[in-house]
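Working notes, structure below.
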Amino acid sequence: MNPELFLQEKIAQALNELFGLETSAGQISLQKTRAEFKGEFTLVTFPYIKVSKKSPEQTGEAIGTWLKSRTIETKEFNVVKGFLNISLNENSWLAFFSSLIKNNNYGFKTTGPDSKSVMIEYPSPNTNKPLHLGHLRNIFLGASVSELLKANGYHVIHSCLYNDRGTNISKSMLAWQMFANGSTPEFTGQKPDHFVGDYYVKFSNAYKEEIEKLIAEGLSKEDAEKHSELSKKVNEMTVAWEKGDSEIRSLWKKMNDWVYTGFNETYELLGIQPEKFYYESDVYDLGKETVQEGLEKGIFFQKEDGSIWIDLTAEGLDQKVVLRSNGTSVYITQDIATANEKERDFPIDKSIYVVGNEQDYHFKVLFLILKKLGKSYADHLFHLSYGMVELPTGKMKSREGTVVDADDLAKEVIDRAEEVTRAQGRIDHLSESEKKELFRILGLGALKYFILKVDPKKKMVFNPEESVDLQGNTGPFIQYSHARIRSVILNSDKNDNELLNLPIPAIDSLQKEELELLRLQHAFPSIIAEACLTYSPALIANFVYELARNFNQFYHEHSVLKAESQEIRQFRLQLSLKTGYLIRDAMKLLGIAVPERM
RNA sequence: GGCCUCGUAGUUCAAUGGAUAGAACGGAAGUUUCCUAAACUUUAAAUACAGGUUCGAUUCCUGUCGAGGCUACCA
C-alpha cells in the first residue's frame with residue numbers, strides 16, 4: 001500500500017471517468033496539505049478546469065465525491081478554492097506502515113553486477129598547504145553525494161587528483177631550503193601538512209618583503225615583481241624539477257610525503273578514503289599527444305610563436321591556449337590527460353568532478369574540447385559545481401590570514417561538543433574511548449550538517465560561532481532526537497526485533513502528530529531519489545530535520561510508554577523505532593553518524 | 001567592457017508556477033513531581049525596485065540598482 005501512488009491512480013481514473021481526460025498516475029501531482037487545513041494530500045484543480053468545464057471549486061468537489069464514493073480508503077475531503085484536500089483512513093495508513101516497517105532497506109536501491117559505475121573526484125587539493133574550510137564543503141559534499149549515488153543503485157569509485165607540482169609547490173620547497181635548517185615535522189612535532197604550509201607562508205612573507213624593498217628603491221610594482229630574486233629562484237626550481245634534478249626531486253618527494261601523511265590523518269578524522277589517486281606529476285606531460293591529435297584533426301590551431309589554441313568563439317566562449325609556446329602543458333592540458341586516464345583505468349558510466357563554481361568556465365571549456373576531440377566519454381562528464389564559502393567578515397584570503405584551517409575547526413567543534421555533553425551528565429557509564437568517539441560524532445555532526453543543509457549551488461556564509469551551536473536546526477538536534485528515541489525503546493519491555501515482527505495493531509484514530517510522522521516516512525524514498533538526481537544533500541538535511549522536529553512534537557504531546565491502551569503503546573513504539581531508523585539512514589546519507597545516547 | 005551566478009524577517013537558511021512565503025538563531029513571553037528540556041508552546045519580524053507572461057509569480061521573461069565569480073602562455 002502506497003498512499004500517494006494509490007491516490008494518483010484513483011485521481012487519474014476519476015479524471016478519465018468524470019471528464020474524459022486521458023492521463024496516467026505519474027502525471028498527477030500531489031502536494032502536502034498545508035497545516036491549517038485538514039488532509040494529508042492536496043490536488044490543485046486549476047489545471048483541470050479546462051477539461052471539466054467547471055469552476056475550480058466544482059472540479060474539486062466532483063473529484064472528491066468520486067474518490068469518497070468509489071474508494072473505501074478515502075476518509076474525507078474538503079475543497080478550498082482550487083485545492084482539494086484529501087484524508088485517507090486509518091487502515092490505509094496502518095497498512096502502509098505495516099509494509100514499511102518490515103523493509104529494512106526502505107528508500108534505498110541495492111547495487112548489483114548490473115549497477116552503473118560512477119567516478120567522483122574530490123577534494124583534489126594542492127600539496128603545498130593544509131586543507132581549509134573550502135575543502136571541507138568540497139569533502140562533505142563529495143562524500144554525501146557518493147552516499148546518495150550508492151543509495152540509488154550506483155557503484156561509486158572515489159578518486160582524488162593531487163596537484164603536486166609546479167609553482168606553488170616550489171615556493172614551499174624553496175622556503176624550506178632557505179629557512180628550515182633541515183628541520184622536519186618529526187622534530188617540531190607539528191602535523192606534517194601544517195609544517196609544510198608554514199614554509200609556504202614563510203615564502204609569501206619573504207616575497208612580500210622583497211617586493212616592498214624593491215618598491216622602496218624606486219621600482220614600480222610591476223618591475224619589482226619582474227626583478228624579484230625569489231620569484232626567479234622559484235622558476236628555476238620548477239625547471240630543475242622538470243629536468244629531474246635529483247636533489248630537488250628528493251626534497252619534493254619528502255615534502256609531498258609529509259603533506260600526504262597529514263592529509264590522510266584529516267581524511268580519517270572526516271571519514272573519507274579515496275580509492276584511486278591521480279598525480280599531476282604523472283599526467284602533466286601526457287596531454288601533449290592529445291593536443292597533437294587535435295592539431296592534426298584541425299580542431300586546434302597553432303600560432304606563429306608555436307603556442308596551440310582552440311577557438312571556441314562560435315560557442316560563445318573565447319580562444320583558449322592548450323599548449324604553451326615553449327611546448328609545456330597548461331592546466332587544461334593536464335585535465336584532458338587525466339580524463340583519458342580515468343576512462344582507461346575504469347569502466348565508468350559517469351564521471352563527476354566536485355569543484356567550486358569559480359571553475360565553471362574552465363570545465364565548460366574542458367568538456368567542450370573533449371567533445372570536439374570526439375571522445376566517446378565526453379557526454380558523461382559532469383562538473384558538480386558548488387558555491388564558495390565566505391566568512392561573516394567576507395571572503396577567505398590566505399594572504400590576509402583569514403583562512404579557517406580544517407583541522408583547527410574540527411578540533412574546535414569536537415571540543416565544544418565535549419564541553420556540552422559532559423555538562424549534561426548522561427554519559428557517565430561510557431568508557432573514555434566511547435566518550436571520545438561520541439564527542440567526535442557530535443562535533444563533526446554539527447559541522448557537516450551546518451555545511452550540508454545549504455543548497456550546494458549557492459554560496460554560503462560560514463559563521464564559526466553558529467557552526468558550534470547544538471540547538472535548533474543543527475546536527476546535534478537531530479542526533480539528540482535519535483538518542484531520545486533509542487532511550488524510549490530501551491525503557492520499554494521490547495527490543496528492536498520484537499517490535500519489528502509484531503503485527504501493527506488496529507488503531508481507531510490516529511493523532512495528527514502520528515499521521516504527520518507517517519506522511520514524512522512515506523515521502524522518504526522520493527526525497528532520496530530527488531536528492532540524488534539534483535546532487536543536493538540539502539534536501540536530505542531539510543527532510544531529516546523535519547522528521548526529527550515532528551518526532552519531538554509527537555513526543556511532547558503524547559506519551560509512548562504510558563499510552564492510553566496497550567495497542568496504542570505498541571504502535572507508538574513501532575512508529576518511534578522506525579522514525580529512529582529513518583533518522584539514522586538519512587543522516588548516513590549526509591555522512592553523519594547518530595549515537596544511541598548523548 | 002564581455003560572460004556567468006545571486007539579491008527572501010535583524011542574521012543564517014527553506015519554499016516541482018499554487019492557498020495566509022516556512023524554519024533556526026537573536027528579541028519578547030511561557031512549559032519540567034511526566035519516556036533524555038541539546039526539547040516543546042506562544043509572539044513580533046521578510047520576497048531589492050519597475051514592468052511583462054499567467055486563473056495564479058519568491059519561482060519564468062525584460063530593464064534598473066546592488067553583491068560575487070570568471071574573463072592569464074596561473075592552478
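If you're wondering where the values come from, they're calculated on a predicted model, not measured in any experiment.
The ring pair (Phe, Tyr, Trp, His ring centres under 6.0 Å) test applied to A:Tyr284 returns A:Trp241, not counting sequence neighbours. Residues meeting the salt bridge (charged side-chain N to carboxylate O under 4.0 Å, His left out) test with A:Glu76, sequence neighbours left out: A:Lys38. For the salt bridge (charged side-chain N to carboxylate O under 4.0 Å, His left out) test, residues two or more places apart in sequence or in another chain that qualify with A:Arg572 are A:Glu514, A:Glu564. When the ring pair (Phe, Tyr, Trp, His ring centres under 6.0 Å) test is applied to A:Tyr361, no partner is found at least two apart in sequence or on another chain. Listed by chain and number, the residues in a ring pair (Phe, Tyr, Trp, His ring centres under 6.0 Å) with A:Phe37 amount to none (sequence neighbours excluded). Legend: residues meeting ring pair (Phe, Tyr, Trp, His ring centres under 6.0 Å) with A:Tyr122, ordered by chain and number and at least two apart, are A:His158. Residues satisfying the side-chain hydrogen bond (donor to acceptor under 3.5 Å, both in side chains) test with A:Ser329, not counting sequence neighbours, are none.
Listed by first and then second residue, the salt bridge (charged side-chain N to carboxylate O under 4.0 Å, His left out) pairs involving residues 47-59 of chain A amount to none (not counting sequence neighbours). Applying the salt bridge (charged side-chain N to carboxylate O under 4.0 Å, His left out) rule to pairs touching residues 358-369 of chain A yields nothing, sequence neighbours excluded.
When the P atom is compared between B:rU42 and B:rA24, the two are found 10 Å apart, to the nearest whole Å.
Within residues 547-558 of chain A, the residues having any heavy atom closer than 4.0 Å to RNA chain B are, in order of number, A:Arg549, A:Asn552, A:Gln553, A:Tyr555, A:His556, A:His558.
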Query raised in the report: What would the secondary structure line of RNA chain B be in dot-bracket form, counting Watson-Crick and G-U wobble pairs under 3.5 Å, with [ ] for pairs that cross earlier ones and | for pairs with another strand?
Result: (((((((..((((....[...)))).(((((.......)))))....(((((..]....))))))))))))....

Report summary line: Expected string for nucleotides 66-71 of chain B under the B/S/- scheme (protein heavy atoms, under 4.0 Å, primed atoms plus P, OP1, OP2 as sugar-phosphate) is ---SSS

